[in-house]
Amino acid sequence: MAIAFESMQYLGVQMEQVIKVPDIQPERGLQFEWEDGFEISLSATSAEVVLRANRAGLVSLARHLLTLAQEGVSSGAHVHLTADQEIESNMDLILELMT
């Protein structure tokens, strides 16, 4: 499945960003794919949560969210981003589909 974001114009050039989302394969479960060179960091205080990422990290997160948003994905399905592995942080980040 491919999801195209709204077209935009930048410096007079028409641009479109397309993110390919892995199809649901019930026998394999959800597949989450990363862009090469992704960097994601997460920090939190009592007042705010800050998620910072380079372009590859933002595209990867968008793909993960779109994967979870596909028709047929069960409520409670999630991707667990582990501190100091997938994200630079002292805490994990869980993206979960709710009903």
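Here the structure is a predicted model, which is why all the values come from computation and not from measurement.
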Legend entry - Val79 and Leu65, any side-chain heavy atoms less than 4.5 Å apart: no
Side-chain atoms of residues 47-56: list all donor-acceptor pairs with protein atoms under 3.5 Å, sequence neighbours left out, distances to 0.1 Å.
unit_1	atom_1	unit_2	atom_2	d
Asn54	OD1	Glu39	N	3.0
Asn54	OD1	Ala56	N	3.4
Asn54	OD1	Gly57	N	2.8
Asn54	ND2	Gly37	O	2.9
Arg55	NH2	Gln17	OE1	2.4

Legend entry - Over all atoms of both residues, closest heavy-atom pair of Glu35 and Arg63: OE2-NH2, 2.6 Å
Inset, instruction - Output every pair passing ring pair (Phe, Tyr, Trp, His ring centres under 6.0 Å) with a member in residues 42-73, not counting sequence neighbours, ordered by first then second residue. - result: Phe32-His64, Trp34-His64
Inset, instruction - Of all the heavy-atom pairs spanning Pro22 and Gln31, show the shortest one and how long it is. - result: CG-O, 3.3 Å
Legend entry - Derivation and outcome, side-chain contact (heavy atoms from CB on, under 4.5 Å), residues Thr82 and Ile87: CA-CA 6 Å; Thr82 306; Ile87 57 174; over 6 Å; no
Legend entry - Gln70 side chain near Val21 side chain, heavy-atom distance below 4.5 Å: yes
Inset, instruction - Measure the spacing between OG of Ser60 and CG of Leu81 and express it to the nearest 0.5 Å. - result: 10.0 Å
Inset, instruction - Enter the distance from Arg28:CZ to Ile24:CD1 here, rounded to the nearest 0.5 Å. - result: 13.0 Å
Inset, instruction - Find the distance between CG (Leu61) and CZ (Phe38) and round it off to the nearest 0.5 Å. - result: 9.0 Å
Legend entry - Point-to-point distance, once rounded to the nearest 0.5 Å, from CG of Leu97 to OG1 of Thr67: 11.5 Å
Inset, instruction - Report the distance from atom OG of Ser89 to atom CD1 of Ile40, rounding to the nearest 0.5 Å. - result: 11.0 Å
Legend entry - salt bridge (Lys or Arg N to Asp or Glu O under 4.0 Å) contacts touching residues 83-99 (sequence neighbours left out): none
Legend entry - Pairwise distance CG(Leu68) to OG(Ser74) - rounded to 0.5 angstrom: 11.0 Å
